[in-house]
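Proteins get letters first, then strands, A, B, ... in listed order; numbering begins at 1 in each. Values in this document were obtained by computation on a predicted structure and should not be read as measured data.
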Number of protein chains: 2
Amino acid sequence: MPAHGTRNLIIEKADTLFYEGGFAATSFADIAAAVGISRGNFYHHFKSKDEILNAVISRRLKRTRKMLDDWQAGGAQPRDRILSFIHMLITNRIKIMAFGCPVGTLCSELAKLDHEAQHRAAEIFGLFRDWLAGQFRALGIDAQAEARAMHLLVWSQGVAALSNAFHDEAFIQREVAGITQWLDSVIVDQNNQKEHICS
Amino acid sequence: MPAHGTRNLIIEKADTLFYEGGFAATSFADIAAAVGISRGNFYHHFKSKDEILNAVISRRLKRTRKMLDDWQAGGAQPRDRILSFIHMLITNRIKIMAFGCPVGTLCSELAKLDHEAQHRAAEIFGLFRDWLAGQFRALGIDAQAEARAMHLLVWSQGVAALSNAFHDEAFIQREVAGITQWLDSVIVDQNNQKEHICS
DNA sequence: GTCTATAGCCGGATAGAC
DNA sequence: GTCTATCCGGCTATAGAC
């Protein structure tokens, strides 16, 4: 067990429970039971529930940066990297149908609670937006890069919300195909425009 | 005051509080305070919190049906009627930025709570989907009518989720313009296809 | 139909022994 | 670092007077 092993385990279990059951509905007793420690022991590691929430958001920010770095390294073309993002919907489809998108649902819940951490949670969306915009710029799309990035975020959030409501796996597959088609049409348009300028 | 005036007032206030603060985080005391009655009096009208939730969902289903009927009567063309749906994002932008979409966030919360009412809440989405699909069929789009309807739901849900996270009003305006453009391109494609068949 | 009073539970948070 | 015991407050829900 590494240093702060228990602390990290608490953050990990809290992350899962906040996602699957919601922040407000998850009690200290739930987290303590998942970790396998007593409730009293809890306060040795975290003074309040908000402190755990902050740690969970920090963990998500860190893991998201790591994931984006991996996608950056793993994809030869910007198109492949963007597809890594889109395919999260397929990879995580079971959990998304059951609990929605981890980022979107946390932001939504914190907004309703008017919780001060809502802006830090929204930064996770910001990481995706900036990274996706970077991919579009790598494709030569400059002025519209951020708008395209936001469109992908919008589309994926919509798919997450509705597949959660309808619990329809085939729907996710169709939408991912549609998003991929849209992406390719954006790339084709960009290439055509480039040819036009060069010729 | 009409018959069941207090009961209806409770449902109305609960509806607002569930939307703005979330179902789990809203207590009987909150609702009682909003209505202006004592907590004890509450149980004369509703035996449990789930009963209020069911009444709130019924109210939303009823009001949604009414709204769709009004849009049906108020729009001369299917395009106008569909625009009534899209423009909800503008009309309700302040509340959407603060609390998200009432339907999407309720479905999401109930899914996490694994609440049995989650399926009834999702029926509200079903009403929009079916009505929108009817509009596309009225445009002559048959095979793809439901897919187009779902696309509008996906898009609007995504816009609601991200405008809630980023609190960006200009973003909503841009997206509504984009959705309108998409709708017109769908209509133009359909008209071209019709001409092609007739000629 | 509305109130006050209160039961009973569970939540977050603390104190202090080991 | 982990535990048990405990406080306090808010919650759902009930009982019974008016």
Polar side chain donor-acceptor pair, Q135(B) to Q72(B), under 3.5 angstrom: yes
Answer yes if the ring centres of [X] and [Y] are under 6.0 angstrom apart, and no otherwise.
| X | Y | result |
| --- | --- | --- |
| F28(B) | Y43(B) | yes |
| H87(A) | W71(A) | no |
| F171(A) | F166(A) | no |

Spatial distance of atom CD1 (I172(B)) from atom CD1 (I179(B)) [nearest 0.5 Å]: 10.0 Å
Secondary-structure stems for DNA chain C, with pairs counted as Watson-Crick or G-U when both distances are under 3.5 Å and runs at least 3 long: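 Only these stems qualify: C:1-18 with D:1-18.
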Geometric class of the W155(B)/H151(B) ring pair [parallel <30°, tilted 30-60°, perpendicular >60°]: perpendicular
B/S/- contact track for nucleotides 2-18 of chain D, protein heavy atom under 4.0 Å: BBB------SBBB----
Quiz item: cation-pi between K112(B) and Y19(A), 6.0 Å / 45°: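 So K112(B) doesn't make the cation-pi contact.
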pair V159(A)-I96(A): side-chain heavy atoms closer than 4.5 Å: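 Side-chain contact under 4.5 Å: no.
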Atom-to-atom span, CG of L9(A) to P of dG1(D) - whole angstrom: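 Interatomic distance, CG of L9(A) to P of dG1(D): 14 Å.
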